[in-house]
2 protein chains.
Amino acid sequence: MPEVKSRRGEYTEATRRALLDAAADLFTERGFARTSLDDVAAVARVTKGAIYHHFSSKPGLFEALFEELERTENGAARAAFEAEEDPTVGALAALDQFLLACSEPVYGALVFREAPLALGWDAWRLCEEKYSYALLSDMLDAMTAAGRIPAHRGEALTSIAFGMLGAAGQLLARTRAEDRERVRGECRAPFVALLAGLAITE
Amino acid sequence: MPEVKSRRGEYTEATRRALLDAAADLFTERGFARTSLDDVAAVARVTKGAIYHHFSSKPGLFEALFEELERTENGAARAAFEAEEDPTVGALAALDQFLLACSEPVYGALVFREAPLALGWDAWRLCEEKYSYALLSDMLDAMTAAGRIPAHRGEALTSIAFGMLGAAGQLLARTRAEDRERVRGECRAPFVALLAGLAITE
DNA sequence: GTCAGTCACATACTCCGAGTATGTCTCTGA
DNA sequence: TCAGAGACATACTCGGAGTATGTGACTGAC
């Protein structure tokens, strides 16, 4: 039976949240490299000891943030994909959801701008294997199965399409709020064109 | 009249070269973040003082390397583009030249894998404004002028296509030598598809 | 009720590496 | 020949990540 968490447990969860929130703010504004752990601790009104109690390292803190963001945002994109019968339609729906998420100030900035700098390319890719990269791969598989994409595509298409997503995410993350809607539209075009081109390239 | 450089000048140019070569090796193998300037100096058989005499900082050293690489490799790609009459044919020729350059062990690893980590996204983009990014932009302009691409494209297409180049470059940089030729072929397909898709998307 | 043990941090430290300040030797030009 | 500058080497500072240790609060066993 799920007994209420002890008072102690509540408090520690509160500081963990405070640390994640502070890190999200600072990493988004100043960037990962230019924020020290002392800064994060100060904003969360604790000390560095608290950080190393809850997280393994500075990249570890970032990764926890990353996981949290991807779990919700990428889940929404996957839901948008799976809601559609046609994989191409679903992929474009997921793309729209993705572009929308990147328009929100934190997601794109952290997951596609800061993450490679904070974790390095390999670790980043490894993290993404569970989220955006996996979703992209699944969508391409579904489109292949539906005959919308040449059957014998290699790993390159997935990597390159993922690069497109990253570029779009970064672009939106640095776009002023008033221009984001227009830029989202412009970002959509290359993906549509790519799918159209793949459909006629056998 | 271009008098011979003094003995002094020859020596200093030699150490500068040794530093750049050592940095190229270490940055390629261990990565920018995991190599200290003392390491670079040791391989070049000098000390850190020599580095700061020739370069402004650690990113400054990297940037000098970057410029040197792009000057030659990107020049070849641009030449390949300009040698063709048809802009689409020229763009694909430049792409092939680019993919070939990224198959060589240093170029792709430094310019597309390490550079964003070493310089940060903004500074990297600023450096690339003179080279790959500029070439890409010029090629898209030429194709637009030739009616191969919708006229009112925004900045997004350039950014996203540049993201594709980066992804392809990184992929080739981490591909084993024996697989590179096959992967180059796979990398070509998405670009061809994109251009084909843009041509029919008005 | 108390006491051992553990959790959730705070405090105080180490260590590494980028950047700086300064010294030294050599070459050059007046 | 001597003043100056160029080309480094040496010795330092300093910031920040990571570590070791201390401490108070809570909890669970007896």
Side-chain angles (χ1 to χ4, degrees), chain A residues 1-23 26-27 29-66 114-115 117-120 123, chain B residues 1-23 26-27 29-66 114-115 117-120 123:
Chain A
M1 180 149 294
E3 178 55 310
V4 251
K5 286 192 285 208
S6 70
R7 186 95 122 283
R8 187 143 98 192
E10 289 176 28
Y11 283 144
T12 105
E13 193 50 36
T15 67
R16 186 185 153 91
R17 264 261 60 81
L19 285 171
L20 287 171
D21 291 344
L26 293 173
F27 290 165
E29 288 165 21
R30 303 184 202 169
F32 179 81
R34 295 180 57 86
T35 57
S36 76
L37 291 182
D38 287 315
D39 292 340
V40 175
V43 170
R45 311 193 71 95
V46 289
T47 70
K48 206 165 48 173
I51 297 183
Y52 280 95
H53 179 73
H54 285 280
F55 308 98
S56 63
S57 63
K58 197 187 179 188
L61 168 60
F62 186 93
E63 193 176 331
L65 209 54
F66 177 93
E114 294 300 320
L117 310 180
L119 306 175
Chain B
M1 180 150 295
E3 179 55 311
V4 250
K5 285 193 286 210
S6 70
R7 185 94 122 286
R8 188 143 97 190
E10 289 176 29
Y11 283 143
T12 106
E13 193 51 34
T15 66
R16 185 186 154 91
R17 263 262 60 81
L19 284 171
L20 287 172
D21 292 344
L26 293 173
F27 290 164
E29 287 165 23
R30 302 184 203 170
F32 179 81
R34 294 180 57 88
T35 57
S36 76
L37 291 182
D38 287 315
D39 291 340
V40 176
V43 170
R45 310 194 71 94
V46 290
T47 70
K48 206 165 47 171
I51 297 183
Y52 281 94
H53 179 74
H54 285 279
F55 309 98
S56 62
S57 64
K58 195 187 179 189
L61 167 61
F62 186 93
E63 192 178 330
L65 209 54
F66 177 93
E114 294 300 321
L117 310 180
L119 307 175

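By convention in this document, chain letters (A, B, ...) are assigned in the order of the sequence lines, proteins followed by strands, and residues within each chain are numbered from 1.
- The phosphate of C:dC9 (OP1 or OP2) has a side-chain N or O of A:Thr15 nearer than 4.0 angstrom.
- C:dG17 atom P lies 13 Å from atom OH of B:Tyr52, rounded to whole Å.
- The only option from A:Leu19, A:Leu20, A:Thr12 that meets the side chain to side chain contact (heavy atoms under 4.5 Å, CB included) definition with A:Arg16 turns out to be A:Leu20.
- Rounded to whole Å, atom P of D:dG16 lies 10 Å from atom NZ of A:Lys48.
- Rounded to a whole Å, the NZ atom of B:Lys58 is 15 Å from the P atom of C:dC16.
- If you measure from atom CG of A:Leu19 to atom P of C:dA10, you get 9 Å, rounded to the nearest angstrom.
- Going from atom CZ of B:Phe32 over to atom NZ of B:Lys58 covers 4.5 Å, rounded to the nearest 0.5 Å.
- Residue B:Arg17 places its CZ atom among more than 12 non-hydrogen atoms of other residues, nucleotides or ligands, all under 6.0 Å distant.
- The backbone N or O of B:Ser36 lies less than 3.5 Å from a partner atom in the side chain of B:Asp39, making a donor-acceptor pair.
- In this structure, B:Ser56 reaches neither bases nor backbone, as no heavy-atom distance under 4.0 Å exists between it and the strands shown.
- Summary of the strand contacts: A:Ser36 and A:Gly49 both lie near DNA chain D, and taking for each the nucleotide with the nearest heavy atom, the more 5' one is attributed to A:Ser36.
- Every pair passing side chain to side chain donor-acceptor pair (under 3.5 Å) that includes a residue from residues 40-57 of chain B is listed here, sequence neighbours excluded: B:Thr15-B:His54.
- The interatomic distance linking B:Leu37 (CG) with C:dC16 (P) rounds to 16 Å, in whole Å.
- Using cut-offs of 30° and 60° on the angle between ring planes, the pair B:Phe27 and B:Phe62 is tilted.
- Considering only side-chain N and O atoms, B:Thr47 lies under 4.0 angstrom from the phosphate OP1 or OP2 of D:dA9.
- Put simply, A:His54 has no side-chain N or O that comes within less than 4.0 Å of OP1 or OP2 on C:dA8.
- The two atoms that bring A:Leu61 and A:Ala23 nearest to each other are CD2-CB, 4.0 Å, heavy atoms only.
- Rounded to whole Å, atom C1' of D:dG6 lies 6 Å from atom NE2 of B:His53.
- Where the helix from C:dG1-D:dC30 to C:dA30-D:dT1 starts and where it ends, the local axes point in directions that differ by 10°; five pairs per end, rounded to 10°.
- Rounded to whole Å, atom P of C:dA18 lies 13 Å from atom CZ of B:Arg34.
- For A:Arg45 and C:dA10, the CZ to P distance is 12 Å, given to the nearest whole Å.
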